[in-house]
Amino acid sequence: MKKSKTKRFGVLTAGGDAPGLNPAIRAICKAGHFVYGMEIVGIKSGFKGLVEGHGNLLMPGDYSGIIHKGGTILGTSRERPFRDSIKVQNMLDNYKKWDLDCVVCMGGNGTQKRANWLREIGLNVIGIPKTIDNDVFGTDMTFGFHTALEVATDAVDRLHTTAESHKRILIAEIMGNSAGWLALYAGIGGGSDVIIIPEIPYDIDIVVKKLEARMEPPHGFAVIAVAEGAKTIDEAGYSDKKLKKIRAEQESAGYRLSKEIEKKMGEKPRVSVLGYVQRGGSPSGYDRVLATQFGTKAAELMAKGDYGKMVSVKGQEITSVPLEDVAEKTKRVPIDHLAIESAKLAGTCFGD
Ligand code: F6P
């Protein structure tokens, strides 16, 4: 590809997909092209495309009519290019071959970390935070979270009616390995009796005490929202390495919890692992707006040559933060979060 005098940027989407990627691609491309007169290379399948040289110039028709679509028109992957020096060299070569002035990396924590490494090896980079987990450091919100929250809340609602009919305990296992934002919000939104998140290690006896009370009249049923990354108080003392090894041989959080409850209460709670439905589908109105704001902010930063930043939202302001300040950090739920305090006052048990 030969470049004219105009600026040219590459855009890639990496890591687990999230609703809002297409609105963000649309916004950065439209602002980049129509407002700032830039050319855009769409890089396929995240960092894999940057390593392998898979990408092509995007034309306005490519990024029109996609605001409502889930997934990502560019594709994504969990490629970890920095594990291999040849791949790193390939990324540098392709950046040069495509004659890029900047590469825009849309993704979660892993992507922002890699974007920062690309910056450290000399490339111009801009990060855009996305993930249903809402755990990217340096931004109040990531797009994808709101859509996933609607899906997960609806699922918890649905579990409520069947739990009530059968007088059962039902468990919704909600995505979020390092941070429990989604389980916390969907749990509160869906009126769960117990919410278990990685940030608050749980004591099974406290959980069981709450469930025993709920199984008495007038209720006789209970709903639990548990995050994928839930830990018991004993497990909280383990190193990450030890826990990872143990987890590799275990069932997922919902099933583990169900077994613990069965041991204490005699009856086995039913488990619904919400899984990838939380990540799929059309982005909510909120996520489309946030993604549009992030995309246009990234285009503005590029036009100014203000590289090495991740766009972010702080309060009502769309702003940016240095990539080096956010890379390799995780935004976990603070244990004194106001939503937790409110939920406790409204009767929810967190197992602590
Ligand atoms: O980061 C988003 C996320 O959906 C997490 O909530 C979940 O733990 C993980 O991705 C699942 O990853 P994969 O797509 O590799 O199965």
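Indexing begins at 1, ligand by ligand and atom by atom, following the structure's order.
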Exercise for review: Report the residue from Leu184, Thr232, Val207 that forms a side-chain contact (heavy atoms from CB on, under 4.5 Å) with Ile196.
Suggested key: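 Going through Leu184, Thr232, Val207 one by one, the side-chain contact (heavy atoms from CB on, under 4.5 Å) with Ile196 is satisfied by Val207 alone.
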Review point. Below 4.0 Å from any atom of ligand 1, is there a heavy atom belonging to Gly176?
Key: yes
Review point. Among side-chain atoms of Tyr286 and Glu150, is any donor-acceptor pair under 3.5 angstrom?
Key: no
Exercise for review: Answer with yes or no whether the side chains of Ser178 and Asp135 bring together a donor and an acceptor at under 3.5 Å.
Suggested key: no
Exercise for review: Assess whether atom NZ of Lys297 is packed by more than 12 heavy atoms of other residues, nucleotides or ligands within 6.0 Å.
Suggested key: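 Buried by this count: over 12 neighbours within 6.0 Å.
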Among protein heavy atoms, which lies nearest [atom], and at what distance?
atom: atom 3 (C) of ligand 1; value: Arg279 NH1, 3.6 Å
atom: atom 12 (O) of ligand 1; value: Arg78 NH2, 2.9 Å
atom: atom 16 (O) of ligand 1; value: Tyr276 OH, 2.3 Å
atom: atom 8 (O) of ligand 1; value: Glu228 OE1, 2.8 Å
atom: atom 6 (O) of ligand 1; value: Asp133 OD1, 2.7 Å

**Study point:** Lys44, Lys87, Arg114 screened by salt bridge (charged side-chain N to carboxylate O under 4.0 Å, His left out) with Glu79, the one that passes
**Key:** Lys87
